[in-house]
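Data first, discussion second: the structure below is written as C-alpha cells.
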Protein chains: 2
Amino acid sequence: MVMVDVFRALDDETRRTILDELSSHDGQTLFEICSILAMRHNLSLTRQAISQHLGVLESAGLVATERRGRSKFHHFNPAPLAEIADRWPIQKRIQ
Amino acid sequence: MVMVDVFRALDDETRRTILDELSSHDGQTLFEICSILAMRHNLSLTRQAISQHLGVLESAGLVATERRGRSKFHHFNPAPLAEIADRWPIQKRIQ
DNA sequence: TTGATAGGCAAGCCTGTACTTGCCTATACT
DNA sequence: AGTATAGGCAAGTACAGGCTTGCCTATCAA
C-alpha cells in the first residue's frame, strides 16, 4: 500500500465512521467492522471496500493492527492527528 | 460553489500551504498569494488554480474574504478545525 | 482431508477533482 | 474614453481514488 498522509485518510466519511467505531469499540476484526457499518450506519459496502479503507487508515498510522490466528484486530491510534494541531490552531468546541 | 467540508478542504497540499501562508501573513489578495506560492514554495500554478483552491477553502469556512475596490482580501479562520478536535482526541506534540 | 471462516490480491469501471485555456466583468487611473 | 489591474466563469482534459468482481491463501474444526 502506498503511504498515505493523515489528511487524505480523513477525507472520506466511511473512513471517519470507521475511526468513530474503533474509538468507541477498540480491537475489532474486519468482519465485525463490516457488520457494524451495515447495521448501525446503513453502509452497504463490500468487505473489500472496507478492507481497502482500513488499509488507507493503517498506512496513515491512524489504525494499528494485530494478528492472532485467522483474525486481525484493528486499533485506533489518534497520534497522527497531532500533525494537524502542530500546524494550525485547533480547539475543541464547548459542549 | 458546492459546499465542502473541512476534511476535503485539507486534503490538498497546495491548500494546506495557502493556509500556512495566510496564518502567518493574514489578509492577502489572490495575486499576492500567487506570487508567494511561486516564490517561496516553487509552485507554478495558474492564477485560476489558486483561485479555485481559495474557493474550496472559503466554502469550507477556513478562509473568509473581504472585498475592497478591485481587491479581495483573504483571512484564515481556524474555527472549522474544531470539528476534528470535537470528534477524536487530538493533541499538540511537544516541541 | 474436507469444509467453513477470516482475510488478501489484482484488474476494471466510473466518478470526482485538480488544472489549464479562453474569454468576460469590475474597479481604478490618466 | 481608453487602458491597466484584480478577479470571475465555464468548458475541457487527465488522473486519482472508491468500489466491485473474481479468485487466491491461511487458519481452525469435524
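Here is how names work: the chains are called A, B, and so on, in the same order as the sequence lines, proteins then strands, and each is numbered from 1.
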Does the pair A/Leu81 and A/Val6 meet the rule for a side-chain contact (heavy atoms from CB on, under 4.5 Å), with working shown?
CA-CA 7 Å; A/Leu81 297 175; A/Val6 65; 4.1 Å; yes
Are any non-hydrogen side-chain atoms of B/Val63 and B/His75 less than 4.5 angstrom apart?
no
Whole-Å distance between D/dC19 P and A/Glu13 CD?
11 Å
Side-chain N or O of B/Ser51 closer than 4.0 Å to phosphate OP1/OP2 of D/dG7:
no
Quick one: A/Asp5 CG to D/dG17 C1', roughly how many Å, whole number?
14 Å
Step-by-step salt bridge (charged side-chain N to carboxylate O under 4.0 Å, His left out) determination, A/Arg47 to A/Glu32
CA-CA 10 Å; A/Arg47 177 181 54 85; A/Glu32 286 168 344; over 6 Å; no
Along DNA chain D (nearest heavy atom to each residue), the more 5'-positioned of B/His74 and A/Arg68
B/His74
Reading nucleotides 1-6 of chain C 5' to 3', which nucleotides get B (base under 4.0 Å from a protein heavy atom), which S (sugar-phosphate only), which -?
---BBS
Rounded to whole angstroms, how far apart are CD1 on B/Ile50 and C1' on D/dG7?
14 Å
Measuring from B/His74:NE2 to B/Leu19:CG, what's the distance to the nearest 0.5 Å?
11.5 Å
Based on the rotation axes of five pairs at each end, what angle does the helix from C/dT1-D/dA30 to C/dT30-D/dA1 bend through, to 10°?
20°
Atom CD of B/Gln91: over 12 foreign heavy atoms under 6.0 Å:
no
Given atom CG of A/Leu54 and atom C1' of D/dG18, what is their separation to the nearest angstrom?
14 Å
When you measure from the centre of the six-membered ring of A/Phe73, is the NZ or CZ of A/Arg67 under 6.0 Å away and within 45° of the axis?
no
Would you check if the side chain of A/Thr29 reaches a backbone N or O of A/Ser71 as a donor-acceptor pair within less than 3.5 Å?
no
Write down the protein N/O and nucleotide N/O pairs, taken from nucleotides 14-20 of chain C, whose separation is under 3.5 Å; answer none if there are no such pairs.
residue, atom, partner, partner atom, Å
C/dT17, OP1, B/Arg8, NE, 2.7
C/dT17, OP1, B/Arg8, NH1, 3.1
C/dT17, OP1, B/Arg8, NH2, 3.0
C/dA18, OP1, B/Arg15, NH2, 3.3
C/dA18, OP2, B/Arg15, NH1, 3.2
C/dC19, OP2, B/His53, NE2, 2.3
C/dT20, OP2, B/Thr46, N, 2.9
C/dT20, OP2, B/Thr46, OG1, 2.8
C/dT20, O4, B/Gln52, NE2, 3.0

Please round to the nearest 0.5 Å and tell me the distance separating atom CG of B/Leu54 and atom CD1 of B/Ile18.
4.5 Å
Electrostatic pair B/Asp5:A/Arg16 at N-O distance under 4.0 angstrom
yes
Can you get from B/Phe76 to B/Leu57 by hopping between Ile, Leu, Val, Met, Phe, Trp and Tyr side chains that sit under 4.5 Å apart?
yes
Is there a path of hydrophobic side-chain contacts, each under 4.5 Å between heavy atoms, that joins B/Phe7 and A/Leu43?
yes
